[in-house]
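We count ligands from 1, going down the list as the structure has it; atoms in each ligand are counted the same way.
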Amino acid sequence: MGEKFISAERPQTEEGYQYHIACKPGDVARYVLLPGDPDRVPKISSLWDEAREIAFHREYRTHTGKYKGVPISVTSTGIGGPSTAIAVEELAAIGADTFIRVGSTGAIQPGIEIGDLIIAKAAVRLEGTSKQYVRVEYPAVADLEVTMALIEAAENLGVRYHIGITASTDSFYLGQGRPGLNGYFPSFARNILDDLRQARVTNFEMEAATLYTLANIYGLRAGCVCAVFANRITNEFGKAGEKEAALVASEAVKILHEWDEEKERKGKKIWFPGLRG
Ligand SMILES: O=P(O)(O)O[C@H]1O[C@H](CO)[C@@H](O)[C@H]1O
Ligand SMILES: O=c1cc[nH]c(=O)[nH]1
């Protein structure tokens, strides 16, 4: 990437390499999948027709390739809002406009099993990053098209999925109602899980609220599909559903690409079921 940056306000090199993600214009597709874990990047891109590693800098690992002929990228965000906001800022600056978080999550409602998928139609903003962008009353909502494409992909693939509201936290332990070290569990943390469950929140994870808030502010599209690793009702934990989430997200990109072409042909701003055919 080189070490000479042309601005402190928006650090990038003359070629347009972004300071954190180490990618430049042309390196990523308009559709970018966003797992938290850098190890998930090659697992996701191995499901595509072709892929190559573009960069791996800090927590940001990027692969670009094609899925069923459609240009697609994946960049890991690392854990939490701050690093996710940086990923969105820098990916959008080099041409990405559609994001799908491919995460893991903890389910807090009955009837959701380890390995099931949860598609988040909205996110409770329990993280801090989005609050540095806009007032707390602003909603963190998913894009309608991306969410519909995720649902269609999950249906086509025949996987078990749920649609819900995720709560995105800055803390995996206290913030998600888990006791800390040596049983540290203050009263404000003890009730969080039950309060959110009563409000029909489906799950906990740590990035969707930041992603949705920034996407709406900037006029980008974002959605989220997560594999359930933790069942907070039965106290089970298992790393299942990762491949299914990656397939659903990749397939959703193919669907979105078709819908985007259909919109273009018909001069429409948004895809809706009646447009089909
Ligand atoms: O598996 P990823 O995508 O990292 O997502 C979840 O896993 C991490 C916590 O274990 C947090 O990033 C949370 O959101
Ligand atoms: O319980 C969980 C599992 C995965 N990711 C989270 O943030 N929480």
Using a 4.5 Å cut-off on heavy atoms from C-beta on, say whether the side chain of [Y] contacts that of [X].
X: Thr129; Y: Thr213; value: no
X: Tyr19; Y: Thr13; value: no
X: Phe272; Y: Leu144; value: no
X: Val41; Y: Thr62; value: no
X: Arg178; Y: Phe185; value: no

Can you list the ligand 2 atoms lying under 4.0 Å from a non-hydrogen atom of [X]?
X: Gln176; value: 1 (O), 2 (C), 6 (C), 7 (O), 8 (N)
X: Phe172; value: 1 (O), 2 (C), 3 (C), 5 (N), 6 (C), 7 (O), 8 (N)
X: Phe204; value: 6 (C), 7 (O), 8 (N)

Trp259 vs Trp271 aromatic rings, parallel, tilted or perpendicular, using cut-offs 30° and 60°?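 The arrangement is parallel - the two ring planes meet at less than 30°.
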Among protein heavy atoms, which sits nearest to [atom], and what does the distance come to when rounded to 0.1 Å?
atom: atom 5 (O) of ligand 1; value: Arg101 NH2, 2.9 Å
atom: atom 11 (C) of ligand 1; value: Glu207 OE2, 3.5 Å
atom: atom 5 (N) of ligand 2; value: Ser104 O, 3.6 Å
atom: atom 9 (C) of ligand 1; value: Phe172 CD1, 3.7 Å
atom: atom 7 (O) of ligand 1; value: Ser104 OG, 3.2 Å

Heavy-atom contacts with [X] under 4.0 Å: which atoms of ligand 1 show up? List them by number with element.
X: Arg40; answer: 1 (O), 2 (P), 3 (O)
X: Glu205; answer: 14 (O)
X: Asp37; answer: 4 (O)

Working to the nearest 0.5 Å, report the span between OG1 of Thr75 and CZ of Phe99.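 The CZ atom of Phe99 is 8.5 Å from OG1 of Thr75, to the nearest 0.5 Å.
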For ligand 2, find out whether one of its N or O atoms is nearer than 3.5 Å to an N or O atom of Arg178.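 Checking ligand 2 against Arg178, an N or O pair does fall under 3.5 Å apart.
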Can you list the steps and then say if Ser76 with Arg61 is a side chain to side chain donor-acceptor pair (under 3.5 Å)? CA-CA 5 Å; Ser76 50; Arg61 186 175 197 178; over 6 Å; no
Between the side chains of Thr77 and Glu207, is a donor N or O closer than 3.5 angstrom to an acceptor N or O?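 Glu207 and Thr77 do not have a side-chain donor-acceptor pair below 3.5 Å.
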Return a yes/no value for Met206: is any of its N or O atoms, backbone included, closer than 3.5 angstrom to an N or O of ligand 1?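 N/O-N/O distance below 3.5 Å exists for this pair.
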Is there a polar contact, in the sense of an N or O pair closer than 3.5 Å, between Gly36 and ligand 1?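 By distance alone, the answer is yes.
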Mind checking whether Thr105 contacts ligand 2 via backbone (N, CA, C, O), side chain (CB onward), both or neither, at a 4.0 Å heavy-atom cut-off?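 The answer is the backbone.
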Checking Ile21 against Ile54 for the side-chain contact (heavy atoms from CB on, under 4.5 Å) test, could you report, in this order, the C-alpha distance in whole Å, the side-chain angles of both residues, the deciding distance, and whether it holds? CA-CA 10 Å; Ile21 63 171; Ile54 303 290; over 6 Å; no
